[in-house]
Structure formats: C-alpha cells, structure tokens
Student: 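Mind looking over this structure? Questions follow.
Starting from 1, each residue takes its place in the sequence as its number.
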Amino acid sequence: MIQVLDQATINQIAAGEVIERPMAVVKELVENSMDAGATAITIEIKEGGISFIRVTDNGTGIPQDEVPAAFLPHATSKIRSAEDLLTVQSLGFRGEALSSIAAVAQVELITRRREEITGTHYEIEGGEEKKREEVGCPEGTTFIMRNLFYNTPARRKFLKTKTTEGNYIQDLVQRYTLGHPEVRFHFIVDGRSRLQTSGDGNLKTNIYYNYGQDVTNCLIPVGTETDGIRLTGFIGKPELSRGNRTFINYFVNGRYIKSPVITSAIEHAYKDFLMSRRYPFTALLLTIDSSCIDVNVHPSKMEARFTNQEEIYRLFHDSIKELLKNLSLIPKVSIGPASTERRGRGENLTSQRGEKAPRETSPEPFEENRLREQSAGMADPVPPVSPPQNIPVVSEKGVWDATVPQPQNFLQERILIPEDRPRFRIIGQVFDTYWLVEYKSELLIIDQHAAHEKVLYEKLTEKLRNKKGLTQNLAAPVVVTLSGREIEALKEYASVFEDIGFVLEPFGDREYLITGVPADFLDLEPKELFLEMVDSLMREGARTKPEMVLEHCAAMACRAAVKGNNSLSYAEADQLFGQMLLAEEPFHCPHGRPTTIAMSRQEFEKKFKRIV
C-alpha cells in the first residue's frame, strides 16, 4: 500500500543526501559564513566532528525574526526563482543545509546583526525547536552542532574513525584557505590549533601555511585572461609530483569543485613532464561568468558543468603547458653532501638526499618543523605570522604585495636551443646508454633512449598537426583481420591513421591491407603496431580524441627509439643531439622521464676542494 511519509522521515531522508559525514556539516556552515561576508572564520571540532562542531564568523548575522525560518526546508535568502539558478554567485543557495543538519543533530545558534542591539540564541534538535531567546553577543554567527546522527544510529555506524573523519575536515579547511586567501581561517581540533591563516589575500602565503617551504619554493605563478575568463594562481614544478591527485586544487568563482574537463586538462598539460601515474601540484582560481557554469548538478554542489567546455579545457591546458615549456627543467645532481648555497635555475633548498639548507634560509619565525608539529597537534597554538622572509613579493614601495604573484628565480632564459649547438662538446658514452657532454660550465648527462624518444615523438605530433605524415610503401602488403568493434574504431579514427602515415585498403568484409607505414617507424612490425593502436583506441574510447592520439604517438616513439645498452657512434650521437636541440621541449621524454641531467663546474670544484 502506498503511503505518504511523515515530515520527520522526509527530513531525515533529505538530510542523508546533503549531510553524509561531519565534513559535510562543516562545508555547509563555512560556505554560509562566506556568503554572509565573513572575513574571519573559526572552525572547531571534537572527536572528528562527530560529537562537536562549532563554526564562528564575523559575517552579517541572521535577523531575529528570521531565525526559525532559516531552519525550514528550502528556505534561503540567496535565490528567489528557478531563473536565479542560472546566475547564482553564492556558494550555497538551495536552502537545504540548516534544515538537513537540524534533522540529524542537536543544533545551537547564536547570531546578531550589526544594526540590532541584542542577538538571538536558538536551539533545535531533530528538527524540533527547543529554545529561542534574546542574548547579548558579538556581531556575526556561531553554529554549534552536537551528536551528529544521534537519532539515526544506522547512519552513524557507517562513519569512519574519529581520526579519519577529522582528516576529511582538515582537507576541506585547507581547500578553503587556498580558494579564499582573503578570509582569516582558524582550525582547532580537540582543543589544539591545527591551522591558522592571516587572511592577507595572498595565495602563496596560504600555500606555505598548508604545505611548507619545499612546496612554496617550487611554485610557478599563473595569470592569464581570455574572453572575460580569468585564470590565476600557482602550479608546481614537476618535481612536486605525487602518486595521487590530492595536490590538484582548482576553484571556480571561489567554489572548490571536481570537473573531469579541468582535471584532464591539467594532467595532460603535465603529461610530457611527469612519469606515468604521477600527478602535479596546482592551486588555480578560475573566474568566469556565472551563467556559463552549472553547479546545481548534485546536492553536494561539488560537481559542475560548463557551457564552453572546450574553451575551459584549452585555457587550463595551454596556460600550464606554455609555462612548463618555458622552464629549463634540467635536474641538478650532487655527489655526496649537497652544497648549502642556493643553486641556479630555481633548484630547491634541500639536497637530493633531503639535507636542509643553513638555518638562515628557514622561514622565521615559522619553522618548517613547527609547521609539521602543529599539523600533527603537537605544537602550541601560534598566531598568524608575516610572510616568510625568503619568498618576498615586494612592491615598488618596498612592502609586501599581497595582490600580484611574482615569478621566482627558476624562470630563467631558455637553454638547450639550436644556437647553442657549437657549445656542445661530446666527451663520450658510458654504460652504452648515457652520453657525457660539456656545455658552457655544465656537464650534461643525456639518456640516448629518452632523447631519441622525444625527437621521434615531436616529429610525429608535428606531422599530425600539419597532416603531413610521411609514408613508406611496403614491398609486400600485410593483411589484418578485424572484429566489428575494431572496424568501428578504425573508421572513427581513419584520419588519424592516415595523418600518421598508414595506408590501408579494404580487402573483404573484415580484412584490410596495410600497404604503407609511417616512415619513421620502419623498424617496427607493421601489423603489430597497427593492431596495438586499434586495441588501445577501443579501450580508451571514453577519453577525448586528442589525448588518445598523443598517448599512442608516445608509445610508438618509445618502441622505435634507440634503446639503452646500445652503442652509438659519435656521428650518430651528434646527429641525435642536434635534433634534440630543435625539439619544442627537449628536457623530458613523452612519459615524463628526464632526457638530461646536469652537474655544474662549481660542484666539481667543491668536491675536489678547489673552492669551499
């Protein structure tokens, strides 16, 4: 028999869609605070937020006569009609947050607007009002939530440990500090201060507070604008890569979201610079007309759709790729204990073995060790500090400029360019794999396989761009038999095979003749190479066409490149290095491995005690 559920059951079901765990409570309350214009927000949790959450802000507060209505389902001050959803600019807008929290927890509210003499103290449990009274209190709002899911024990038992739930909240607060550096955040866990920011508006300062000096030393500023869409923030040098995506942060109009389009653009911009299954660091802020984005996709508002997806993809991808291409990304090597002096081209202030630079290079008075202790809850609370002294951003007036990210010393002039060819002096080959080359005041060590792989890859991609793939006709055509799905993939990507240099002819219902192959890959077995490409295209059909094609170009280049443990003549090596210097980005192979590492003359002289 069909029955209409009672309101209490309806509220608890609705709450389950919005409030999945304590982190969701913090998210909704903090976003309400920012929507209220708060410039200072304190978040305090106990037992992972399961037993206690308090969020205090200095925002505009809630009018006394509107407090009860704020806890009604779908009651909101942020939209008036469905049309407003198309241009919504606030972080919250559905009016679900407070009613959902109140349905599954014991909630206490203290709030006052600036123009009111007294504030309001309001208590509600399980959706039922318990107390409402006037009180004296500061301007702003404090929400206290106790005993999440106290009336729905089935939901509570699916929560993770207190530590894990607390870590989820800390990750969330860290994201807010990156997306809103103009807000002063203070995060307290079980009575101990875990994170404090100054609210000075400088994103780099907050990256330092969250990730420490090593990350901050390796940031590249991003700043570009096109057709009214603005992208700012920082990306990390490839050496900051991690084995998961937790370091990839991006925000759209101040909202932390997850977008397959943006994530794909970032990862593919880094593809030539990182090893497989390594992911970069980013803290990027996208400002776009709100009519071009739909965040009303999921109750958590963490997903978003763009009306101009291709434009967004190109903006992220091209901006990042261009910055990385213009860096001289040749790793420095050190034999034994590293020098404590700052190295050229933006090398980190720690050695390859993790040894620290001298004490005077550490940020004062906020030592990195103290940061680690504080994040682990071991250090006493510390107040917000001034920006660290070894990453100054100075304006014309000689003071800290919190508005404009400045390039650091690793943005040097391009090296390894064709004009430098006469400065290359080939010394010899070691281990039948690596070539030693004297270049200016550096010893370059070049991996012949990685270098050749990059040369072949760029040749192939250039031919694809210009649709000028060179073909070598086969003396004896090769017959291949394809399945129905393979034929579909071949038809869909026929132009790709043609642009690369394959020549194919139908030879029956399911057979094709391979009569020509890419001229650069004569040493590879044509049938095996062709079928491998078809198989891969079928497996990865959900991805976009350009991404797949470039990945297979990289695979083809890898297979065709000269391998390690193969001896090359000086003439062959000289020809290869000449081609490498013509590459658009000669520092990494298509899979992200370095083609070249360097050791400076200064490092040699220190090892031989010629200099101290």
Student: Test F273 against K325 for side chain to side chain contact (heavy atoms under 4.5 Å, CB included), laying out the working first.
Tutor: CA-CA 9 Å; F273 304 90; K325 281 166 52 179; 4.3 Å; yes
Student: Walk me through it: do Q170 and R194 pass the test side chain to side chain contact (heavy atoms under 4.5 Å, CB included)?
Tutor: CA-CA 8 Å; Q170 180 160 336; R194 282 289 182 88; 3.0 Å; yes
Student: If the condition is side chain to side chain donor-acceptor pair (under 3.5 Å), which residues does S241 pass it with, not counting sequence neighbours?
Tutor: R278
Student: Hey, does F497 have a side-chain heavy atom less than 4.5 Å from the side chain of L490?
Tutor: yes
Student: Please tell me whether T433 and D447 have a donor and an acceptor in their side chains that are separated by less than 3.5 angstrom.
Tutor: no
Student: For the atom pair CG (N167) and CG (L172), what is the distance rounded to the nearest 0.5 Å?
Tutor: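 The CG atom of N167 sits 12.5 Å away from the CG atom of L172.
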Student: Going by salt bridge (Lys or Arg N to Asp or Glu O under 4.0 Å), name the residues that satisfy it together with D318, two or more places apart in sequence or in a different chain.
Tutor: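 Expected list: R314.
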Student: What heavy-atom pair brings I426 and A573 nearest, and what distance separates the two atoms?
Tutor: CD1-C, 4.4 Å
Student: Just to verify, what does R230 make a salt bridge (Lys or Arg N to Asp or Glu O under 4.0 Å) with, not counting sequence neighbours?
Tutor: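 If we apply the salt bridge (Lys or Arg N to Asp or Glu O under 4.0 Å) test to R230, skipping adjacent residues, there are no hits.
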Student: Going by side-chain contact (heavy atoms from CB on, under 4.5 Å), name the residues that satisfy it together with I312, two or more places apart in sequence or in a different chain.
Tutor: I229, I262, L286, I288, F306, N308, F316
Student: Considering residues at least two apart in sequence or located in another chain, which fulfil the ring-ring contact (aromatic ring centres under 6.0 Å, His included) criterion with Y168?
Tutor: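 In terms of ring-ring contact (aromatic ring centres under 6.0 Å, His included), with neighbours along the sequence ignored, Y168 is linked to no residue.
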Student: For I207 and A283, which heavy atoms make the closest approach, and how far apart are they?
Tutor: CD1-CB, 4.1 Å
Student: Looking at E442 and A598, what are the two nearest heavy atoms and their distance?
Tutor: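 Nearest heavy atoms, E442 then A598: OE1-CB, 3.8 Å.
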Student: I'd like to check the salt bridge (Lys or Arg N to Asp or Glu O under 4.0 Å) partners of E311; sequence neighbours left out, ordered by chain and number.
Tutor: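 E311 satisfies salt bridge (Lys or Arg N to Asp or Glu O under 4.0 Å) with no other residue.
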Student: Taking it one step at a time, do T515 and L474 satisfy side chain to side chain contact (heavy atoms under 4.5 Å, CB included)?
Tutor: CA-CA 5 Å; T515 61; L474 297 177; 5.9 Å; no
Student: With sequence neighbours excluded, tell me which residues meet side chain to side chain donor-acceptor pair (under 3.5 Å) with E267.
Tutor: R245
Student: Any heavy-atom pair between the side chains of I220 and F234 that's under 4.5 Å?
Tutor: no
Student: Give a yes or no answer on whether the side chain of T471 reaches the backbone of G516 with a donor-acceptor pair at less than 3.5 Å.
Tutor: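 Checking the backbone N and O of G516 against the side chain of T471, no donor-acceptor pair under 3.5 Å is found.
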Student: How long is the gap from OG on S319 to CG on L324, to the nearest 0.5 Å?
Tutor: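 Reported to 0.5 Å precision, the distance equals 11.0 Å.
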Student: Measuring only between side-chain heavy atoms, which start at C-beta, is H268 closer than 4.5 Å to Y313?
Tutor: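 When only atoms from C-beta onward are counted, Y313 and H268 do touch, with a gap below 4.5 Å.
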Student: Does E505 have any side chain to side chain donor-acceptor pair (under 3.5 Å) partners at least two apart in sequence or in another chain, and if so, which?
Tutor: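 With neighbours one apart ignored, the set is empty.
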Student: Can you sort out the partners of E572 under salt bridge (Lys or Arg N to Asp or Glu O under 4.0 Å), two or more places apart, ordered by chain and number?
Tutor: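 So E572 forms no salt bridge (Lys or Arg N to Asp or Glu O under 4.0 Å) with any residue.
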Student: Can you see which heavy atom on A451 is nearest to which on I446, and at what distance?
Tutor: CB-CG2, 4.0 Å
Student: What residues form a side chain to side chain donor-acceptor pair (under 3.5 Å) with T263, not counting sequence neighbours?
Tutor: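 Only Y250 meet the side chain to side chain donor-acceptor pair (under 3.5 Å) criterion with T263.
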Student: For F281, which residues count as a ring-ring contact (aromatic ring centres under 6.0 Å, His included) partner, sequence neighbours excluded?
Tutor: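 For F281, the residues satisfying ring-ring contact (aromatic ring centres under 6.0 Å, His included) (neighbours in sequence not counted) are Y211, F247.
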Student: For H452 and Q448, test the side chains for any donor-to-acceptor distance below 3.5 angstrom and give the result as yes or no.
Tutor: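 No donor-acceptor contact under 3.5 Å links the two side chains.
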Student: Answer yes or no: is there a side-chain heavy-atom contact under 4.5 Å between L195 and Q174?
Tutor: yes
Student: Output all residues satisfying side-chain contact (heavy atoms from CB on, under 4.5 Å) with A269, sequence neighbours left out; order by chain, then residue number.
Tutor: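 For A269, the residues satisfying side-chain contact (heavy atoms from CB on, under 4.5 Å) (neighbours in sequence not counted) are H317, I320, K321.
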Student: With the threshold set at 4.0 Å, does a side-chain nitrogen-carboxylate oxygen contact exist between E605 and R610?
Tutor: no
Student: Determine whether Y279 and Y270 make a side-chain contact, defined as any pair of heavy atoms from C-beta on separated by less than 4.5 Å.
Tutor: no
Student: Going by atom types alone, do R175 and Y256 pair a side-chain donor with an acceptor below 3.5 Å?
Tutor: yes
Student: Is there side-chain contact between L219 and K204, with at least one heavy-atom pair below 4.5 Å?
Tutor: yes
Student: Taking the side chain as everything from C-beta on, heavy atoms only, tell me whether Y208 gets closer than 4.5 Å to Q213.
Tutor: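 Yes, close enough: below the 4.5 Å cut-off.
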Student: Between L203 and L178, is any pair of side-chain heavy atoms under 4.5 Å apart?
Tutor: yes
